[in-house]
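A, B, ... follow the sequence lines: proteins, then strands. Residue 1 opens every chain. Being a predicted model, the structure only gives us computed values, none of them experimental.
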There are 2 protein chains.
Amino acid sequence: MTLLSDSLETGITVAIDADGARSLATETRVDQVARHLRAAIVNGRLKPGDRIRQEAIAAELGTSRIPVREALRQLESEGLISLIPYSGARVARVDAEEYEEIYLMREHLEPLAIRESLPRLTARHFSEIHDLVAQIERTEDPTDVLDLDRRFHLLTYSAAARPRLLQMIEGFWNSTQQYRRVFYRLAGDRLISHSGNVSLTHMEHRLLVDALERRDADTADNIVRVHIRRTRLTLARYREVFD
Amino acid sequence: MTLLSDSLETGITVAIDADGARSLATETRVDQVARHLRAAIVNGRLKPGDRIRQEAIAAELGTSRIPVREALRQLESEGLISLIPYSGARVARVDAEEYEEIYLMREHLEPLAIRESLPRLTARHFSEIHDLVAQIERTEDPTDVLDLDRRFHLLTYSAAARPRLLQMIEGFWNSTQQYRRVFYRLAGDRLISHSGNVSLTHMEHRLLVDALERRDADTADNIVRVHIRRTRLTLARYREVFD
DNA sequence: TGGCGGCGTTCTGGATACAATATCCAATCC
DNA sequence: GGATTGGATATTGTATCCAGAACGCCGCCA
């Protein structure tokens with residue numbers, strides 16, 4: 001069973017809206033199309049290299065091609081697709097080098113995000129965080145774990161009053177989600193294998209939550225940074241992720 | 001006399017293309033419109049809050065509104081304009097908080113960029129860099145200095161083989177250029193005032209170039225980071241920049 | 001047999017035409 | 001007199017239509 005079928009509306013922005021006054025800015029069809037495609041790419045229904053025909057998407061969503069085209073421009077800026085003039089749109093391929101680049105940037109930005117978020121986390125956030133951690137620990141399916149893990153981390157950043165920063169970080173996660181999925185299937189045995197009862201991932205989550213609750217910025221910063229760096233370096237051994 | 005009238009084609013990407021094989025990807029009108037508007041915003045011909053009417057732009061460039069609309073989507077993703085459904089596009093306003101956010105991110109990303117760029121700088125780069133430094137030192141007009149300074153710094157990063165990183169950094173500079181311009185006019189006296197013959201800015205440039213030529217990554221990193229932080233903190237005293 | 005060039009199909013890029021929404025102003029009501 | 005509502009107008013959002021580029025197919029020829 002796969003969670004988060006289509007609309008994994010689990011972005012940071014949405015998370016922010018959740019406890020604020022939701023900005024009821026009239027949603028145009030362009031936004032709907034963009035959301036639809038973004039979700040399809042992030043959850044893996046559309047795979048890297050897949051061609052995206054405007055007409056097909058338009059028909060699928062019952063609109064004309066115009067909103068589709070605008071949505072494609074937007075997704076290109078987010079790095080999710082690549083747009084080749086007169087040729088078409090394809091789901092962006094991320095090679096080992098770009099993956100490394102993204103992790104480098106994450107390594108420098110996410111510690112900042114956790115520092116900015118940490119002092120602003122409320123009881124509501126922690127309640128959600130604990131729920132997620134518990135849910136992750138009792139979920140078996142690796143794909144589901146991966147999506148929940150994404151939600152968990154974005155949630156820990158979500159209290160930071162830095163919209164641009166959060167948007168970027170969400171973009172990083174989106175761009176790499178499907179590769180992380182492959183990676184997880186390859187290297188996952190090691191990552192998930194329970195020593196005693198708690199996997200490495202679970203342990204990291206608990207340590208991070210603990211640091212957040214103690215408002216211990218330095219420790220939180222370190223956990224985040226080290227985790228990203230370790231993942232980045234580990235990657236070198238799994239180049240086949242990128243076929 | 002104002003340099004860089006319209007097309008200050010001084011982006012990092014262009015700088016990169018300069019020494020590589022220029023990707024002759026057929027340029028579509030959307031790109032032309034985007035370039036045109038981007039330049040207009042960065043060089044200050046369009047000011048924060050200014051409304052952008054699709055029809056007007058279309059007429060100005062001799063196209064229909066369709067390419068304009070797609071360009072606007074793109075610029076919105078870059079943070080240069082804000083797009084309100086059924087209301088219109090306006091040049092983005094950056095308030096003190098967002099300005100601070102951008103500088104925070106710059107503080108974390110530009111040292112990374114200089115580190116990645118430093119080992120790859122070639123004689124050609126240095127030649128251009130020296131030219132720019134010299135040109136800056138003999139330029140009087142503050143606006144021109146500012147644009148040249150932008151080119152200088154982007155150039156020092158341009159050797160980094162990290163396209164996403166460079167694009168982000170360029171976006172930061174673009175978003176804030178006009179505010180930096182105001183800031184420079186307000187606080188500029190102090191910044192430009194020559195003690196002896198060399199201003200603070202000039203000194204920083206020389207130190208940075210020296211570190212780059214010595215391939216001294218730590219020093220270069222430090223100069224960049226400290227410069228950005230100092231600017232960020234100084235800002236607190238000039239809130240009137242944001243009207 | 002294998003490469004190469006013309007031709008048609010398919011799809012994208014852009015223009016034109018129409019629908020929907022916001023904005024502004026005046027008339028109306030309390 | 002001030003707030004409110006209704007409509008005219010300007011501008012955006014979307015659909016339809018046309019031109020042109022890319023890609024594949026087929027036959028031709030070395």
Exercise. Not counting sequence neighbours, which residues clear side-chain contact (heavy atoms from CB on, under 4.5 Å) with A:Arg115? List them please.
Key: A:Ala217, A:Asp218, A:Asp221
Self-check item: Summary of protein contacts for nucleotides 10-20 of chain D, nucleotide by nucleotide, where a base hit scores B, a sugar-phosphate-only hit scores S (4.0 Å, heavy atoms)
Solution: -SBBBBB----
For residues 83-95 of chain B, which side-chain N or O atoms pair as donor and acceptor with protein atoms under 3.5 Å away, sequence neighbours left out?
| from | atom 1 | to | atom 2 | distance (Å) |
| --- | --- | --- | --- | --- |
| B:Arg90 | NH1 | B:Gly49 | O | 2.8 |
| B:Asp95 | OD1 | B:Glu97 | N | 3.3 |
| B:Asp95 | OD1 | B:Glu98 | N | 2.8 |

Quiz prompt | All side chain to side chain donor-acceptor pair (under 3.5 Å) counterparts of B:Ser175, not counting sequence neighbours | solution = A:Arg164
Quiz item: For B:Glu70, which residues count as a salt bridge (charged side-chain N to carboxylate O under 4.0 Å, His left out) partner, sequence neighbours excluded?
Solution: A:Arg69, A:Arg73
Quiz prompt | Contacts of B:Tyr99 that satisfy side chain to side chain donor-acceptor pair (under 3.5 Å) - sequence neighbours left out | solution = B:Tyr103
Exercise. Rounded to the nearest angstrom, tell me the gap between atom CD in A:Glu27 and atom P in C:dT21.
Key: 14 Å
